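So the structure is just underneath, and the comments pick up after that.
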Amino acid sequence: MRLFAAVLPPAPVADELAAEMARLTSLPDAGRLRWTGRDGWHFTLAFYGTVTDAVLPDLHERLARAARRHPPHGLRIAGGGRFADRVLWAGAEGDVAVLRKLADSAAAAGRRAGLTMDERRAWAPHLTLARNRTGELRLAPFAAALDGFASETWTVRELALVRSHPPEPGVVGGQPRYETVASWPLGH
């Protein structure tokens, strides 16, 4: 199964983001983007790829240890940006240094469990909002529209292990489906 470690925003913060998304999706050419659904909003800490059942117990144990080593911390969704003109994302503010250390520990847990981790790019906290279907549309206006957005601050209290189910084959505009398979409290 395809797994990743993540921090999930709570429902009230997701409600705020949903209101912002309604505004963004009304901008010109927004229909040309593939927008993520509410159930897909998360801050990925470490992507593990395909994980076999044999590795899961060790990964669970290592993620539990990682969660215990990091305290609960304040975070909010704020602002946004783009990766080239391929991905539109919302950013994070607050105790991002603690979140970064948690991401480092989640990645180390995967490596120590024997998983091959993708180390090509530096980790940056972001929540994917939309993907550019054609790559022809400029995302700068959408990223600029996020400049003033900031959700309420919440306390991140757990580390989640999430399974990604691929979109249904042949379904135009299909989205992956995400399922939390385990979670661990921070600082316990």
Side-chain angles (χ1 to χ4, degrees), residues 3-21 23-24 35-49 59 62-113 115 117-131 139-162 164 176 178 180 182-188:
L3 297 175
F4 59 91
V7 164
L8 309 173
V13 172
D15 291 343
E16 290 179 76
L17 185 56
E20 183 67 9
M21 289 279 286
R23 191 177 69 77
L24 290 173
W35 296 90
T36 58
R38 182 185 182 114
D39 64 337
W41 295 341
H42 57 267
F43 288 97
T44 300
L45 301 177
F47 182 74
Y48 302 123
L59 181 61
R62 292 177 185 285
L63 287 172
R65 271 190 252 152
R68 282 193 299 268
R69 288 194 306 267
H70 299 282
H73 55 281
L75 194 66
R76 71 180 183 165
I77 300 171
R82 60 196 169 103
F83 295 129
D85 278 321
R86 293 186 328 258
V87 175
L88 175 69
W89 50 264
E93 288 182 351
D95 292 329
V96 176
V98 176
L99 187 65
R100 180 176 306 282
K101 289 177 183 174
L102 181 60
D104 290 345
S105 291
R111 283 191 302 275
R112 289 182 182 125
L115 301 174
M117 303 296 296
D118 182 3
E119 307 289 343
R120 286 181 287 173
R121 60 180 166 217
W123 180 83
H126 70 280
L127 187 152
T128 299
L129 299 176
R131 289 184 173 79
L139 296 181
F142 295 94
L146 287 163
D147 282 348
F149 175 72
S151 74
E152 69 179 66
T153 298
W154 84 92
T155 301
V156 176
R157 297 188 185 283
E158 68 180 22
L159 167 65
L161 182 62
V162 181
S164 174
Y178 300 102
T180 300
S183 61
W184 300 271
L186 298 182
H188 294 267

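Model, not experiment: these values are computed from the prediction.
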Determine whether a donor-acceptor pair (N or O, by modelled atom type, separation under 3.5 Å) exists between the side chain of [X] and the backbone of [Y].
X	Y	answer
T36	L129	yes
E20	L146	no
R82	F142	no
S151	E16	no
R100	W123	yes

How far apart are the closest heavy atoms of [X] and [Y], and which atoms are they?
X	Y	answer
Y178	D39	CD1-O, 3.7 Å
L186	P71	CD1-O, 3.7 Å
F47	M117	O-CE, 3.4 Å
P185	A67	O-CB, 3.5 Å
E152	R76	O-CB, 3.5 Å
A6	H42	CB-CB, 4.1 Å

Separation between [atom1] of [X] and [atom2] of [Y], rounded to the nearest 0.5 Å:
X	Y	atom1	atom2	answer
L88	L24	CG	CG	6.5 Å
L139	W89	CG	CH2	12.0 Å
K101	L45	NZ	CG	15.0 Å
H126	F43	NE2	CZ	9.0 Å
H73	L102	NE2	CG	6.0 Å
L75	T153	CG	OG1	8.0 Å

Pairwise side-chain contact, [X] with [Y], heavy-atom cut-off 4.5 Å (strictly under):
X	Y	answer
R23	F149	no
L17	L127	yes
V7	W154	yes
W184	E158	no
W41	L8	no

Exceeds 12 heavy-atom contacts within 6.0 angstrom, atom CZ of R69
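Yes - once you tally the heavy atoms of other residues, nucleotides and ligands closer than 6.0 Å, there are more than 12.
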